[in-house]
Structure formats: structure tokens, C-alpha cells
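Only a predicted model underlies this, so the values are computations on that prediction, with no experimental measurement involved.
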Amino acid sequence: MSTRHSKAAETYLQNDAVVTRHDQTFFGVRQKRDRMAQALPEWEDLREAASQIKKHTETHLADYLEQFEQNATKNGVHVHWAEDADEYNRIVLDILQQHQVKKVVKSKSMLTEECHLNENLERNGIDVIETDLGERILQMMKLAPSHIVMPALHVHREDIGDCFRKQIANFDEISKSYGKPHDDPNDPTFLTYVARMHLRQQFAEAECGMTGANFGIAATGDVVVCTNEGNADMSTSIPKLHIVSMGIEKLIPDYKAMGVFQRFVARSGTGQETTVYTSHFRGPRPGGEMHIVLVDNGRSDILGNPEHWQTLKCMRCGACMNTCPVYRRSAGYSYTYFIPGPIGINLGMLRDKQKYHDNVSACSLCCSCDNVCPVKVDLSHQVYRWRQELDSLGHADPMKKMMSKGMSFLFNHPALYTTALRFSPMANWVPAPLMNLKLNPWAYGHKMMKFPKKSFHQLWKEEKQ
């Protein structure tokens, strides 16, 4: 049995201040989502409509992919197909080498994280610059994203300021041009200015801009990208070469469907009415080229999985992470798959059951993720089904197996169960130091419970009399 997640979480939990800040920050986003949902009387109708749209699209995916390719090609776009991550990386590298590209500015994309695109391009001498501010900060810190929408929200501004001073070559020059007095070297407004000037230079120097895709519109061949910083627009409006990386599950039928998702994708993920920028790319800019790489990388296998295919409905909004008590208290880096939280548990198991099985126990089965998912993915139910496979995979927790057998024996012998209940209050008299031992896992992070004098069964019988 692997305990990688639990050990990483235990290390993270040693710093109470950091844990509390992380917990409160992301639950604050969850609360903003709730306020937005409550302001729309038709919220649940929208969720149901979105769920049905995604279900229809995924179960007719071949037809919509063909339609999307035809319409995108009519728009002057070059469409490529990648069966897996290796083929995707080869396609992107070939396009860049044909255009003699040395620097790429790249908008945030979890698909490129999935396929390890940055590492592949850098190995081949191509400089890759993340333009989403959070992603750029993490890139300079050599860290992975900790959240799929707010990847660097866990990083403190003091660490960001220190990183900028070390990593941005012309930091002093930019500082002199700020032109405003500031006593705090880590003032957020000042650091934002530094980031803006730094990225402006990268946009001007790049020969190619890359974006992900929040949605692909089959009826028109459009790609829709939702951002709050405008970095996707900058990445595509200055360089003449635009490459879109899109998982095949991102397709929706038409703009009528887009109207449904537009109403609540930002409300679910960040508690906004809409993202600041919703950019629609239908074809290349004048004198330029646009390429779309449609990536499978195991998605067809997921579609063929009768118990877990609904994972493909996910829009990567992050709502399930914001509400998850385990993610909020253990943070993203405790998970071993690159996407953390409830959706990451399921995606990791679909990717490699043996490699990512440890994340399956990082779930309280509170079902809160099911309740907030905008497309009604049954996340906690899928986690539960994965747990049923752990024993056959050889990764069931021996202690939990022993406890389950013991409880099964106890519950199947009513006389023994009743006797145990009668004597359970005696545990209240055991000195606390003897109960709070490492041998008692419940004592870790909890106070030992006090057994009531009367059991529920006794109280029920008295009430019935």
C-alpha cells in the first residue's frame, strides 16, 4: 500500500498558518460561486442543460469531430490529429521548426501540462514563456500548478517578489521606470507592473503564440478561450503563427450550446459573472497561420469506460477543488497526479491505476463536489467505485481491511454488538495519554470521542414506549 498522498499531506499540515490561509482562500471562492448560483433562479436548469449537452456531444463525438475539422479547414485553419502525447509533441515541434521559431508565448493550458510540451520544446532549443501570470510565476520558480484555474494562489507575494528579483534580468531597469514611490518591495501593484513589463517584452520577441481551448464549436470551427488577463489575445495578436492545443472532449455542438456554458463557467470556477476576456478564434490573422491540434491521449478509452466516461464532461473549472475539504487542507502538491482534487483523482486513475492509486483515499466522500459540478459529473461516486478496485489492484489498506472484517463480524452478531454498546462508556474513564497514542490513528488530529451513557438504540426504544 502506498501512502504518498497522506505523507505529503502530513508534511504540509505542519504549518497551521499556511493550511488555514489555503483553506480559507479556496473556500472563499466556493462561497462566491454560491452567491452567483443563488442569484440565478435558473441555475439548476442550466446545470442540467449543460450536463445533457456534454452527454450528447461525447456520445456523438466522432460526428462532431468530423464537422469541426471540416468547418475549421474551410476557415483556413490547419487541423492536425494526435493519438497520444508523443505524437502531439512531434506535431507541435514540426510546426515550430518549419517556421524557425525560437521563442513561444503560451497561454495557460492543462493539456500542454498533461503532455509535457514545455520540457519537450526546451530540450529542442525553443524558449517557452508562460503568459498567464500565475503560470509564469510558477515557471520561474520551477514549480507545477497547484490548481487548474488559480495555479499560483498558494504562493505568497514575498516569494513572488524574491523570484522576480532573481529571475527577471532587467528587474532594476523596470523598477526605475515604475515612477511611483513604494516602501514595500513586495507591493502587489508594483509586482504587477514588473510582470506586465516583463511579459510585454516576451510578446514582442516571440514568433509563435500558443493557446489552449475552453470550447470548440463544431458548427463553425471556432475555438473559444476564456481568460482574465487577456494573455491569450496578446499571444495571438502579435505573433503571426497561432497553435491551438485542444483535447477532443472540449467540443460542443454550436453557439446555442455555448450560450449555456458561457452563463456559468466563470460563476462556477471563480465566482465571476463571466471571465474578463472570452476570445473567439475562427481563422488565422491576416498574413498568418493558425493550426489546431486535436489530441486524444487516452480520451477515447475513457469514453469507452461505462463507469467513468462522464469524466469527459468536465470543463476544468476547478469548482470541485474549491469545495473539497481534503484539497483545501492538504493542497495541490500532496496529490501525485498533475491535476489535484476530486477530478484529478479520477483522471489519474484513468491514466494509470497502479501509479496514481494513492490519491483515491484523499476523499471524504462528502459528495460536495457532485453538488457544485456545473456539468453534474458524479465525482465522488466515481471515487467510491475506484475504492472498490483497490483490493484487486493489491493496494487496499491492511488496517482498513482488518477493521472492515471486525465491524462486519460485530454487526452480524447482534448480541455481541449490544454488549459492546453497553460497555463502551467505560472507555471514557481511560486516561487520555493512553488513548492518544500513535497506535490509535483516530487520535491524530482529533480529540477522543466521549461515549454517551445511552446508545441510540436505547433512546429509540424509550421514545417508542
Side-chain angles (χ1 to χ4, degrees), residues 46-85 87-88 90-92 94-95 107 109-112 114-115 209-226 232 236 241-265 275 278-285 288-306 309-317 374-377:
L46 283 170
R47 288 184 70 212
E48 180 61 26
S51 176
Q52 292 301 320
I53 290 169
K54 292 295 284 186
K55 179 179 180 180
H56 167 77
T57 311
E58 304 305 338
T59 53
H60 297 78
L61 191 56
D63 296 331
Y64 282 115
L65 282 169
E66 184 176 343
Q67 183 184 13
F68 178 81
E69 180 188 30
Q70 290 174 351
N71 287 320
T73 302
K74 288 177 185 176
N75 297 335
V77 177
H78 302 275
V79 180
H80 310 263
W81 298 81
E83 182 179 359
D84 53 26
E87 186 173 9
Y88 163 73
R90 284 198 300 272
I91 290 170
V92 174
D94 286 346
I95 296 170
S107 180
S109 165
M110 293 308 293
L111 177 60
T112 59
E114 174 186 329
C115 297
M210 292 190 66
T211 67
N214 291 91
F215 304 98
I217 313 296
T220 61
D222 288 26
V223 170
V224 181
V225 181
C226 305
T236 56
L241 176 62
H242 177 198
I243 302 175
V244 178
S245 304
M246 188 173 83
I248 57 175
E249 83 283 8
K250 292 298 181 73
L251 279 185
I252 55 176
D254 49 36
Y255 265 98
K256 185 177 180 180
M258 182 65 209
V260 174
F261 293 106
Q262 179 62 31
R263 291 206 67 194
F264 72 164
V265 63
T275 48
T278 302
S279 308
H280 302 250
F281 301 104
R282 181 167 292 185
R285 56 171 292 186
E289 276 188 27
M290 182 176 175
H291 296 254
I292 299 175
V293 187
L294 294 168
V295 184
D296 188 318
N297 201 34
R299 287 159 176 77
S300 294
D301 294 333
I302 296 174
L303 186 58
N305 188 316
W309 71 269
Q310 288 200 52
T311 305
L312 288 179
K313 290 160 59 177
C314 173
M315 297 190 300
R316 305 294 193 271
C317 71
V375 288
K376 293 189 173 182
V377 179

Donor-acceptor pair, distance only, cut-off 3.5 Å: does the side chain of [X] make one with the backbone of [Y]?
X      : Y      : answer
Lys376 : Gln52  : no
Thr57  : Ile53  : yes
Asn75  : Asp222 : no
Asp254 : Lys256 : yes

On the 0 to 90° scale, with breaks at 30° and 60°, tag the His242-Phe281 ring pair as parallel, tilted or perpendicular.
perpendicular

Parallel, tilted or perpendicular for His60 and Tyr64, by the 30°/60° rule?
perpendicular

Using the rule given for side chain to side chain contact (heavy atoms under 4.5 Å, CB included), can you reason through Ser300 versus Ile248, listing the C-alpha separation, both sets of side-chain angles and the distance that settles it, and then say yes or no?
CA-CA 9 Å; Ser300 294; Ile248 57 175; 4.2 Å; yes

Residues which pass side-chain contact (heavy atoms from CB on, under 4.5 Å) with Asn297, listed by chain and number, not counting sequence neighbours:
Asp84, Ala85, Glu114, Cys115, Val295, Arg299, Arg351

Ala213: which residues meet the side-chain contact (heavy atoms from CB on, under 4.5 Å) condition with it, sequence neighbours left out?
Val223, Val244, Met246

List the steps and the verdict of side chain to side chain contact (heavy atoms under 4.5 Å, CB included) for Leu241 and Ile95.
CA-CA 9 Å; Leu241 176 62; Ile95 296 170; 4.2 Å; yes

For the pair Tyr255 and Thr220, evaluate side-chain hydrogen bond (donor to acceptor under 3.5 Å, both in side chains) and give the outcome as yes or no after the intermediate values.
CA-CA 8 Å; Tyr255 265 98; Thr220 61; 4.8 Å; no

Are [X] and [Y] packed together at the side-chain level, in the sense that at least one heavy-atom pair is separated by less than 4.5 angstrom?
X      : Y      : value
Lys54  : Phe261 : yes
Val92  : Met210 : yes
Gln262 : Phe215 : no

By the definition side chain to side chain contact (heavy atoms under 4.5 Å, CB included), identify the one residue from Leu65, Val293, Ile292 that meets it with Trp81.
Leu65

CE/Met315 to CZ/Phe264 distance, rounded to the nearest 0.5 angstrom?
4.5 Å

